[in-house]
Number of protein chains: 2
Amino acid sequence: MTQARVITPLFEDFAKVEHHHQLACQSCALSRLCLPLGLHRDDLTKLDQIIKRSAGYKRHQILFEPSSTFKTIFVVRSGSFKTTISATDGREQVTSFYFPGEFIGMDAIYQQRYLSTARALEASSVCELPYERLQEFSATIPELQNQLMTRLSKELSSDKNLLLSLGKKTAQEKLISFLLSLSQRFSERGYSSMSFQLTMSRGDIANHLGLAIETVSRLFTQLQDQQLMSIQGKEVTILDLPALKHRCG
Amino acid sequence: MTQARVITPLFEDFAKVEHHHQLACQSCALSRLCLPLGLHRDDLTKLDQIIKRSAGYKRHQILFEPSSTFKTIFVVRSGSFKTTISATDGREQVTSFYFPGEFIGMDAIYQQRYLSTARALEASSVCELPYERLQEFSATIPELQNQLMTRLSKELSSDKNLLLSLGKKTAQEKLISFLLSLSQRFSERGYSSMSFQLTMSRGDIANHLGLAIETVSRLFTQLQDQQLMSIQGKEVTILDLPALKHRCG
DNA sequence: CGACCGATTGATCTCAGTCAAAGGTTGTGG
DNA sequence: CCACAACCTTTGACTGAGATCAATCGGTCG
């Protein structure tokens with residue numbers, strides 16, 4: 001039996017909402033992680049009216065790119081996305097991965113245009129938050145404004161941590177911190193922090209961490225040999241969390 | 001004659017404000033670059049009352065560190081600062097440099113605690129924006145809220161660009177893009193974009209770009225040999241801007 | 001079934017890091 | 001005001017972590 005057969009769609013629970021495109025925030029499984037957090041019931045009702053629940057995106061489908069006009073911030077409803085930024089000669093850097101409840105496109109607020117390209121890693125769906133309307137609403141809902149600032153600040157924090165990885169960590173430390181941060185985010189979403197599926201390719205991981213694809217592959221086998229984790233295709237199982245935490249820099 | 005003798009304090013124009021600690025935003029030379037941008041005259045007067053103009057910081061003096069409690073966002077009034085983030089074993093990554101009009105500490109909004117350590121690179125001064133008061137005011141001044149979001153988004157953008165540098169660029173490309181971004185920022189502040197003083201050490205630059213200090217030093221001599229720029233100590237003069245732009249990735 | 005794409009493994013190479021030493025610069029105290 | 005010390009920068013020689021090149025394997029899909 002190969003492990004490929006047993007892969008179930010990631011974030012299946014959240015994916016259910018795809019069948020109810022107009023599902024209100026109040027009833028959404030994500031509300032605990034998403035914009036609604038801390039908002040009053042009636043504010044939420046108002047917000048609900050401006051949020052557009054988009055149709056699904058297929059694997060590799062583009063959510064936005066620098067040439068798109070900036071009008072909305074996206075929230076992942078189900079599935080996952082990656083964003084990339086390009087050098088003038090076409091080299092690309094994977095800047096982030098996004099999971100349900102996370103906001104994509106906030107770096108476009110300054111300059112009012114997307115800086116990066118966002119692509120679906122698997123069948124996914126998003127909610128669209130029209131930025132102008134969001135701004136209007138923030139004026140009357142202080143908690144919404146607070147929520148937006150917090151989101152921006154959170155992304156800033158994770159970017160700074162990635163800078164530390166890229167600038168100062170060894171290949172192994174980079175990979176371990178990356179996997180531990182994934183584990184953390186899965187756990188926040190109600191999934192196991194000890195065993196999860198990678199929705200991105202080895203190439204995406206390597207690029208994100210400033211490594212070669214072969215290095216990532218070798219590190220995976222190395223981590224398995226050291227009994228720190230088990231990796232079978234896309235499935236990661238953490239075997240020795242303390243040891244990993246000790247080795248993540 | 002050594003170039004050291006002719007160095008004048010950087011941001012001298014802005015430094016003048018140090019003699020008028022209570023100088024209102026309206027009269028501040030920075031208002032064009034700073035928070036006041038786009039704010040109405042009477043809103044600004046209100047804002048003025050909550051902004052604390054701090055005494056000066058000496059070279060190497062700490063503005064905040066992770067153990068400090070988060071209460072304020074800082075705006076550079078004169079001089080310059082760097083922020084660093086630390087790995088568990090003490091390795092540090094210089095995440096950003098900050099010049100007059102730029103905001104420091106926004107990554108602390110999420111978690112309500114500073115993620116990084118901020119240190120003055122030279123004799124400097126800041127304005128303190130109490131975050132809670134700022135939040136209150138934002139509720140009544142939509143333009144202020146917009147300004148804050150834009151600032152956060154701008155920092156996010158520059159971090160993403162740095163990620164591209166660290167992940168995908170060669171040592172030379174990293175250094176050139178860094179110098180060109182400095183040039184840009186100096187020019188925005190009314191200084192020459194073709195000739196400016198570095199306020200940070202070679203070590204800070206190297207660390208920021210994920211390089212060794214020796215590599216930065218060698219690259220400087222290399223760029224001089226290629227007649228692309230001239231570097232004498234802390235003074236940088238751009239000689240061939242098109243060629244540099246062509247080589248910055 | 002065959003073609004294609006992604007992942008693994010091995011062999012080799014290279015860019016930038018490390019180590020080492022010598023100049024320069026800055027700051028301090030007598 | 002000078003002299004010494006501490007620190008920063010430059011330059012050279014060598015090394016190594018991870019990239020590149022190359023071949024193979026495996027899984028997926030038409």
Side-chain angles (χ1 to χ4, degrees), chain A residues 1-7 9 58-60 82 91 93-94 121-123 165-176 178 197-225 230-236 247 249, chain B residues 1-9 58-61 82 91 93-94 121-123 165-176 178 197-225 230-236 247 249:
Chain A
M1 185 186 103
T2 61
Q3 95 293 345
R5 302 284 158 78
V6 299
I7 288 183
K58 289 194 273 257
R59 191 162 129 87
H60 296 155
K82 69 172 174 184
R91 273 174 295 180
Q93 171 70 28
V94 174
L121 292 172
E122 60 189 315
S165 273
L166 288 182
K168 290 283 155 313
K169 294 190 186 176
T170 65
Q172 195 184 57
E173 289 168 342
K174 286 176 182 183
L175 186 58
I176 295 176
F178 172 69
Q197 304 282 339
L198 298 172
T199 59
M200 67 293 290
S201 69
R202 303 287 193 269
D204 287 336
I205 297 172
N207 181 304
H208 183 55
L209 300 175
L211 299 172
I213 206 172
E214 295 92 334
T215 304
V216 169
S217 188
R218 276 185 258 268
L219 286 170
F220 272 147
T221 28
Q222 198 178 309
L223 289 171
Q224 281 206 105
D225 293 349
S230 126
I231 303 104
Q232 295 165 93
K234 300 256 170 210
E235 171 131 25
V236 174
R247 278 157 221 249
Chain B
M1 183 187 106
T2 63
Q3 91 294 343
R5 303 284 158 80
V6 299
I7 289 184
T8 51
K58 289 194 273 256
R59 192 162 128 88
H60 295 154
Q61 198 176 339
K82 69 172 174 184
R91 276 173 293 179
Q93 171 70 27
V94 174
L121 293 172
E122 60 189 315
S165 273
L166 288 182
K168 289 284 155 311
K169 293 189 187 177
T170 65
Q172 195 184 57
E173 288 169 342
K174 286 177 182 181
L175 186 58
I176 294 177
F178 172 69
Q197 304 282 340
L198 299 171
T199 59
M200 67 293 289
S201 70
R202 302 287 194 267
D204 287 336
I205 297 172
N207 181 304
H208 183 54
L209 300 175
L211 299 171
I213 206 172
E214 295 92 332
T215 305
V216 169
S217 189
R218 276 186 259 267
L219 286 170
F220 272 147
T221 30
Q222 198 178 310
L223 289 171
Q224 281 205 106
D225 294 349
S230 128
I231 304 103
Q232 295 166 91
K234 300 257 169 210
E235 170 130 25
V236 174
R247 278 157 221 249

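Throughout, protein chains are lettered first and strands after them, A, B, ... in sequence-line order, and every chain is numbered starting at 1. Keep in mind the model is a prediction, meaning the values are calculated, not measured.
- Here A:Glu122 does not pair with A:Lys234 in a salt bridge; the nearest charged N to carboxylate O distance is not below 4.0 Å.
- Separating the CG atom of B:Leu209 from the C1' atom of C:dC15 is a distance of 16 Å, rounded to the nearest angstrom.
- Note that the OG1 atom of B:Thr221 and the CD1 atom of B:Ile231 stand 8.0 Å from one another [nearest 0.5 Å].
- Following rounding to the nearest Å, A:Leu223 (CG) and C:dA7 (C1') show an atom-to-atom distance of 16 Å.
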- request: Give the B/S/- string for nucleotides 9-19 of chain D, one per nucleotide from 5' to 3', where a protein heavy atom under 4.0 Å of the base yields B, of only the sugar-phosphate yields S, and otherwise -.
  value: SBBBB----SS

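- What separates CD of B:Glu173 from P of C:dC15 is a distance of 13 Å, to the nearest Å.
- A:Leu219 places its CG atom 12 Å from the P atom of C:dT9, with the value rounded to the nearest Å.
- Here the NZ atom belonging to B:Lys169 is positioned 7.5 Å from the CZ atom belonging to A:Arg91, to the nearest 0.5 angstrom.
- Here CG of A:Leu223 is found 6.0 Å from CG of A:Leu175. Values are rounded to the nearest 0.5 Å.
- Distance CG (A:Leu198) to P (C:dT8): 10 Å, rounded to an integer number of Å.
- A:Lys168 has its NZ atom 15 Å from the P atom of C:dA16, to the nearest Å.
- For B:Arg59, the side-chain contact (heavy atoms from CB on, under 4.5 Å) criterion is met by no residue, not counting sequence neighbours.
- Between A:His60 atom NE2 and D:dC29 atom C1' there is a gap of 15 Å when expressed in whole angstrom units.
- Taking CD1 of A:Ile205 as the start and CZ of A:Phe220 as the end, the distance is 4.5 Å to the nearest 0.5 Å.
- A:Leu121 has its CG atom 13 Å from the P atom of C:dG6, to the nearest Å.
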